[in-house]
Amino acid sequence: MNINESNNSKRVLIIGSGIAGLLTARVLSEQYEEICIIERDTQPQQPAPRAGVPQSFHLHQFIPRGEAIVQRLFPDFVNDIKELGAFELQQATIQMFNPFGALPLGNGEGFTYSRGLLEWAIRQRVQALPNVRILYQHEVIELMATPDRTRVIGAYIRPRGQVEQRIEVQADLVIDTSGRSSRTPRWLSDLGYTLAEDEYVTTGIGYSTRNYRIPPEKRNIALVVIDPHASSGHLSGGVLKAIEDDTWAVCLNSAGDQYPPTDARGFEEGLARLYNPILAEILHDAEPLTEPRGFRLPVCLRHHYEQMKRWPAGLLVLGDALCFFDPIYGQGMTLAAIEVETLATCLQEHKGQPNFEHYVLQRMQDAIAPAWWRSTIEDLRWPGVTHIGPEPLKGVTLLHKYFDLCLRISTQQLNSLAQEGKFEPQYMSYFLMNWLFISPRDVVNPRMLEMYLQHVSPAEKEAILADLREGYNQDLETLLDEAVPPFAFDFGSAAEGENPETMQQEKTTTLL
Ligand SMILES: Cc1cc2nc3c(=O)[nH]c(=O)nc-3n(C[C@H](O)[C@H](O)[C@H](O)COP(=O)(O)OP(=O)(O)OC[C@H]3O[C@@H](n4cnc5c(N)ncnc54)[C@H](O)[C@@H]3O)c2cc1C
């Protein structure tokens, strides 16, 4: 029997207490009697990066959809991060540059903070839930299954470093949120399951991050983003973000195996070489608090568990353990949050149906598929980056040109409208797509193309249309239609009284 056919669901075992694991515990604590999280790291004693999450020293930005989910799950979240010293954006500026100009964002609202502080705030709330227990310094080493291997019934764990030990933990549901190092593929193979083909992008991502003390006279600078843009030769981007403790976290990022320097001098030179020198100017007299620290991510990976013909009852996978993206687009934590919401919805609507866990994995694809597609299309701009997967992507060159047009016209229009004190939400569509509020199909279509083209001369319009069609033998409408897969986009949180366009008009800058 599928455990979810039973109404008295009892214990859930969650592997890993990163963002995905903690949010999952919060949601399931309402549905199950006991939640047990197994975490290989030691219990954090303060908001700080952790060994088990090596990327946690690096700059993490929550795109608004993810932050909205966290605020729904933890109504005191804003107070919590404020008390922990998150940087208050009021009166501080947010600047976002791309090769076509700057976005007119002005002052911000809300808070910025480090990944360590975010996770700490969530952890304190989850640890306080009466039916949640986190067992630190233990790792999950294997899944436990019924003799016929159709159902996962727990896991074997051991205290960290004690290889001779093997402790049995039974559970009605096991959820793997162990991040990029997930061992689910091996565990499934060991249980005799045939895996579906994974999808990869050989992104070759490099980050280098250094912290600086914010000089008192520059406390009005909260966030500066210089987007890389490989198609126009700008292979490196940079971000400065104010976090807690009077600190700016500053990173250089790149892809396509173009790794940013990790020595102090090279880092400063890298900042000065960006196509906009603003970061070097802001930081020229700032006191460094750390040495630059590097991070490399050779590939991005999407497991296609939803395509497997057989999937064991009692097992789910969430967060980076299911799919991890190019971090430059800041989508990972938000996708984890959306997946957790999807799980909560499925538990409310479909708990007890046959193949429930496989159904949940399929539903999660509604959000994963457009995000993965979008970041893959962008990554393919970098020299040497390739996509390896069951389905080849269509119209990549056309899409690069199309998205360049979107970015250029949107940037220009938002600026000229801002000068007149006006705002037209359609020019935010490109950004709302990147922030997972709307489907790529809402941006890539003949109607939107016509809207962008009304801002160029007739001669330029003809040239753009000819350029978009170049190398293809079909009409543009068909090309655009075929280039974007038919996503079943899950608007989730945006649909619940948070119309992204209204939200955008009201608080433009908080969308960053
Ligand atoms: C350089 C970089 C920058 C990023 N920037 C952003 C950003 O700006 N915005 C954004 O949204 N995302 C960003 N991301 C992505 C983000 O870090 C991930 O999407 C997010 O951390 C995923 O959370 P998770 O809980 O799935 O995995 P993780 O955070 O990796 O957590 C996994 C947990 O599982 C534990 N664990 C692993 N194996 C075991 C085991 N066998 N037994 C017990 N415990 C185990 C680990 O110790 C860890 O605590 C970035 C990623 C990188 C690499």
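The structure presented is a predicted model; accordingly, all values stated were derived computationally and were not measured. Values reported hereafter were calculated over all heavy atoms of this structure, with side chains retained and with hydrogens, waters and symmetry mates removed. Read the numbers this way: they start at 1 and go in the same order the structure lists the ligands and their atoms.
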Among Ile15, Val340, Thr24, Leu13, side chain to side chain contact (heavy atoms under 4.5 Å, CB included) partner for Ile175: Thr24

Anything under 30° is parallel, anything over 60° is perpendicular, the rest tilted; go ahead and classify His234 against Tyr275. tilted

Sub-4.0 Å atoms of ligand 1 with respect to non-hydrogen atoms of [X]:
X	answer
Gly319	26 (O)
Gly16	33 (C), 34 (O), 35 (C), 44 (N)
Gly52	46 (C), 47 (O), 48 (C)
Thr177	32 (C), 33 (C), 34 (O)
Arg183	41 (N)
Val140	40 (C), 41 (N), 42 (N), 43 (C)

Between the side chains of Asp172 and Lys10, is the shortest nitrogen-to-carboxylate-oxygen separation below 4.0 Å, so that they form an ion pair? no

Salt bridge or not for Arg160 and Glu39, using N-O below 4.0 Å? no

Under 4.0 Å, heavy atoms only, figure out whether ligand 1 is touched by the backbone of Glu139, its side chain, both or neither. both

Judging by distance only, is a nitrogen or oxygen of His138 under 3.5 angstrom from one on ligand 1? no

State whether a side-chain donor-acceptor pair under 3.5 Å links Thr247 with Asp245. no

By side chain to side chain donor-acceptor pair (under 3.5 Å) - contacts of Asp257 (at least two apart): Tyr259

To the nearest 0.1 Å, how far is atom 25 (O) of ligand 1 from its closest protein heavy atom, and which atom is that? Ala20 N, 2.9 Å

Among all the protein's non-hydrogen atoms, which is closest to atom 31 (O) of ligand 1, and how far away is it? Gly18 CA, 3.6 Å

Qualifying side chain to side chain donor-acceptor pair (under 3.5 Å) pairs with a residue from residues 380-389, counting only residues at least two apart or across chains: Glu199-His387, Thr202-Thr386, Ser231-Arg381, Glu378-Arg381, Arg381-Asp404

